[in-house]
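Working notes, structure below.
By convention here, the first residue in the shown sequence is residue 1. The basis for the numbers below is simple: all heavy atoms, side chains too, and nothing from hydrogens, waters or symmetry mates. Order of appearance sets the numbers: ligands from 1, and atoms from 1 within every ligand.
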Amino acid sequence: MDCIFCKIAAKEIPARVAFENERLIAFHDLFPQAPLHLLIIPKAHYSTLNDVPSSEASLLGEIMDTARQLAADHGMAADGYRVVMNCNKHGGQSVDHIHLHLLAGRQLGWPPG
Ligand code: 5GP
Ligand code: ZN
């Protein structure tokens with residue numbers, strides 16, 4: 001499949017990997033929007049959040065839990081951080097393999113543009 005994040009998960013494209021297990025991989029965003037900007041993805045391909053069945057809700061939970069742990073591992077838990085999953089055009093999704101952004105290390109603005 002011609003999916004850049006599947007290729008990162010398969011180590012066919014290099015990335016700065018921060019965490020990995022059998023189901024997930026977390027790596028640094030190529031164009032970081034904050035001092036810490038990680039992408040946490042399932043190794044299984046789901047194009048958008050719309051495509052994840054409710055039977056895989058535990059996978060979504062594990063992605064969120066991993067973001068929380070990575071924020072703590074990087075010393076960002078107390079100051080805070082943001083997790084974002086964009087979906088489709090209005091959400092601003094540009095890579096069609098679900099990914100949770102973990103942004104930390106500076107004051108983030110709200111609301112998003
Ligand atoms: P989206 O806009 O879909 O929510 O986020 C996609 C993110 O993937 C963007 O922040 C973009 O910088 C990042 N990205 C796109 N291509 C690559 C790549 O080849 N490697 C890495 N590490 N990040 C990428
Ligand atoms: Zn994929």
Side-chain angles (χ1 to χ4, degrees):
M1 192 191 299
D2 195 26
C3 168
I4 194 163
F5 285 0
C6 280
K7 288 178 179 170
I8 285 175
K11 308 289 168 59
E12 292 168 12
I13 290 178
R16 286 177 58 208
V17 175
F19 173 78
E20 181 174 11
N21 67 18
E22 309 80 57
R23 294 167 299 282
L24 309 177
I25 185 166
F27 52 93
H28 291 263
D29 198 291
L30 201 53
F31 303 100
Q33 302 301 313
L36 179 67
H37 188 173
L38 297 176
L39 301 172
I40 301 116
I41 70 168
K43 291 184 173 177
H45 180 90
Y46 297 100
S47 293
T48 80
L49 188 55
N50 294 336
D51 301 300
V52 183
S54 290
S55 59
E56 292 296 327
S58 65
L59 179 65
L60 297 175
E62 188 177 3
I63 289 170
M64 187 68 83
D65 187 53
T66 300
R68 182 175 62 80
Q69 290 186 39
L70 285 168
D73 290 348
H74 286 81
M76 305 287 188
D79 280 348
Y81 53 89
R82 182 169 296 163
V83 288
V84 178
M85 187 177 286
N86 298 322
C87 181
N88 278 338
K89 181 171 175 287
H90 282 186
Q93 184 176 3
S94 63
V95 175
D96 285 344
H97 179 131
I98 61 165
H99 47 281
L100 188 68
H101 296 259
L102 169 61
L103 297 143
R106 68 170 174 86
Q107 182 63 57
L108 299 165
W110 191 263

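- Nearest-heavy-atom check against atom 21 (C) of ligand 1 across Val84, Leu30, Ile13, Ile4 picks out Leu30.
- By the criterion of side-chain heavy atoms lying less than 4.5 angstrom apart, applied directly or through intervening Ile, Leu, Val, Met, Phe, Trp or Tyr residues, Val84 is not grouped with Leu102; the two fall into different hydrophobic clusters.
- Summary of contacts: the protein heavy atom closest to atom 10 (O) of ligand 1 is Asp29 OD2, 2.5 Å.
- With a 4.0 Å cut-off on non-hydrogen atoms, His101 touches ligand 1 through its side chain and not its backbone.
- For the pair His37 and ligand 1, the shortest N or O to N or O distance does not fall below 3.5 Å.
- Those atoms of ligand 1 with a heavy atom of Ile8 less than 4.0 angstrom away are 20 (N).
- Scanning all protein heavy atoms for the shortest distance to atom 22 (N) of ligand 1 gives His28 O, 2.9 Å.
- The Zn ion (ligand 2) forms the vertex of an angle spanning SG of Cys6 and SG of Cys3; to the nearest 10 degrees it equals 120°.
- Side-chain contact check for Lys7 versus Asp2: some heavy-atom pair is nearer than 4.5 Å.
- One N or O on the side chain of Arg82 and one on the backbone of Gly109 form a donor-acceptor pair closer than 3.5 Å.
- For ligand 1, the polar-atom distance check against Ala15 finds no nitrogen or oxygen pair separated by under 3.5 Å.
- The same ILVMFWY cluster, assembled from side-chain heavy atoms under 4.5 Å apart, contains both Leu59 and Leu70.
- To the nearest 0.5 angstrom, Leu49 atom CG is 6.0 Å from Leu60 atom CG.
- Closest to the Zn ion (ligand 2) among the N, O or S atoms of His97 is ND1.
- Between Gly105 and Pro35 the shortest heavy-atom distance is O-CG, 3.4 Å.
- Protein heavy atom in closest approach to atom 15 (C) of ligand 1: Val95 CG2, 4.1 Å.
- Per residue His45, closest N, O or S atom to the Zn ion (ligand 2): atom name ND1.
- Residue-ligand proximity, Gln93 to ligand 1, at heavy-atom distances under 4.0 Å covers atoms 3 (O).
- Taking atom 6 (C) of ligand 1 as the reference point, the nearest protein heavy-atom neighbour is His99 NE2, 3.4 Å.
- Considering both main-chain and side-chain atoms, Leu39 never comes within under 3.5 Å of ligand 1 through any nitrogen or oxygen pair.
- Clustering ILVMFWY residues whenever any of their side-chain heavy atoms sit less than 4.5 angstrom apart, transitively, puts Met64 in a cluster other than the one holding Ile41.
- Residues Ile40 and Phe27 do not share a hydrophobic cluster, defined by chaining ILVMFWY side chains whose heavy atoms lie under 4.5 Å apart.
- The number of heavy atoms from other shown groups lying within 6.0 Å of CD (Glu12) is above 12.
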What do the steps show when you test Asp73 against Phe19 for side chain to side chain contact (heavy atoms under 4.5 Å, CB included), and what is the final call? CA-CA 11 Å; Asp73 290 348; Phe19 173 78; over 6 Å; no
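- Counting protein heavy atoms only, atom 2 (O) of ligand 1 is closest to Ser94 OG, 2.8 Å.
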